[in-house]
Amino acid sequence: MTVTSLLDLRFAADHLEDGPRALLDILADTRAFEGCLGVEIVTDVTDPAHVVAVEHWESIEHDEAYRAWRAGPGASGLGAYLAGSPVLTRFTDVASL
């Protein structure tokens, strides 16, 4: 079953220009990771520091493997650009709705 993961990010005030550029570079590896079906970035219309990565994965296992990789050898350094910890929420499709 496919998974949609929302990664809610808030850039620090002093990283409003370089933070989004760093995120775009980081996403190249995310998009290439096995099981990634695509990633979109949306920006809050009233707060440009607030962005959400909308990630689509083949399965929860692929998403979990990606998170484990990012926590270890694939660490991105994105945290240095953020005002706080990212918030991850994952969803699956519900066929009955």
J.: Which heavy-atom pair separates Ser5 from Arg67 by the least distance, and what is that distance?
T.: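 Closest approach of Ser5 to Arg67: CB-NH2, 3.4 Å.
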J.: Would you say Ile41 and Leu27 make side-chain contact, with heavy atoms under 4.5 Å?
T.: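 A side-chain contact under 4.5 Å exists here.
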J.: In the single-linkage hydrophobic clustering (I, L, V, M, F, W, Y; side-chain heavy atoms under 4.5 Å), do Leu82 and Val87 co-cluster?
T.: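 As far as the 4.5 Å side-chain criterion goes, Val87 and Leu82 are not connected within one cluster.
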J.: Starting at CG of Leu78, measure out to CG of Leu7 and round the result to the nearest 0.5 Å.
T.: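 The CG atom of Leu7 is 8.0 Å from CG of Leu78, to the nearest 0.5 Å.
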J.: Compare every heavy atom of Ile26 with every heavy atom of Arg70, then report the nearest pair and how far apart it is.
T.: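 What the structure gives for the nearest pair is NH2-O, 3.0 Å.
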J.: Heavy atoms only: give me the nearest Trp57-Glu34 pair and the separation to one decimal.
T.: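 Scanning both residues, the minimum pair turns out to be CZ3-O, 3.9 Å.
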J.: Say you draw a straight line from OG1 of Thr92 to CG of Asp63; how long is it, rounded to the nearest 0.5 Å?
T.: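 So the OG1 of Thr92 and the CG of Asp63 are separated by 12.0 Å.
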J.: In Å and rounded to the nearest 0.5 Å, what is the OG to CE distance from Ser59 to Met1?
T.: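 The OG atom of Ser59 sits 11.0 Å away from the CE atom of Met1.
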J.: How many angstroms lie between atom CZ of Phe11 and atom OG1 of Thr43, to the nearest 0.5 angstrom?
T.: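 Result: 8.0 Å between the selected atoms.
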J.: Measure the shortest side-chain to side-chain distance between His62 and Val3 over non-hydrogen atoms and say whether it is less than 4.5 angstrom.
T.: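 Counting from C-beta outward, His62 and Val3 never come under 4.5 Å.
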J.: Apply side chain to side chain donor-acceptor pair (under 3.5 Å) to Tyr81 and list each qualifying residue two or more places apart in sequence or on a separate chain.
T.: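 With neighbours one apart ignored, the set is empty.
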J.: Quick one: list whatever passes side chain to side chain donor-acceptor pair (under 3.5 Å) with Asp8, sequence neighbours left out.
T.: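 Here the qualifying residues are His50.
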J.: Do Thr2 and Leu37 come close enough that some side-chain heavy atom pair is under 4.5 Å?
T.: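 Touching, per the 4.5 Å side-chain cut-off.
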J.: Which distance, rounded to the nearest 0.5 Å, do you find between the CZ of Arg21 and the CG of Leu24?
T.: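 Nearest 0.5 Å value for the CZ-CG distance: 9.5 Å.
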J.: Do the side chain of Arg10 and the main chain of Val51 share a donor and acceptor less than 3.5 angstrom apart?
T.: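 No, Arg10 side chain to Val51 backbone: no donor-acceptor pair under 3.5 Å.
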J.: Report yes if the side chains of Val54 and His56 come closer than 4.5 Å at any heavy-atom pair, otherwise no.
T.: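 Side-chain contact under 4.5 Å: yes.
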J.: Measure the CG-CG distance between Leu88 and Leu6 for me, rounded to the nearest 0.5 Å.
T.: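 Interatomic distance, Leu88 CG to Leu6 CG, rounded to 0.5 Å: 8.0 Å.
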J.: I'd like to check the salt bridge (Lys or Arg N to Asp or Glu O under 4.0 Å) partners of Asp14; sequence neighbours left out, ordered by chain and number.
T.: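 Testing Asp14 for salt bridge (Lys or Arg N to Asp or Glu O under 4.0 Å), a comparison that skips the adjacent residues, returns none.
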J.: Less than 4.5 Å apart, any side-chain heavy atom of Ile60 and any of Arg90?
T.: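 Ile60 vs Arg90: side chains touch.
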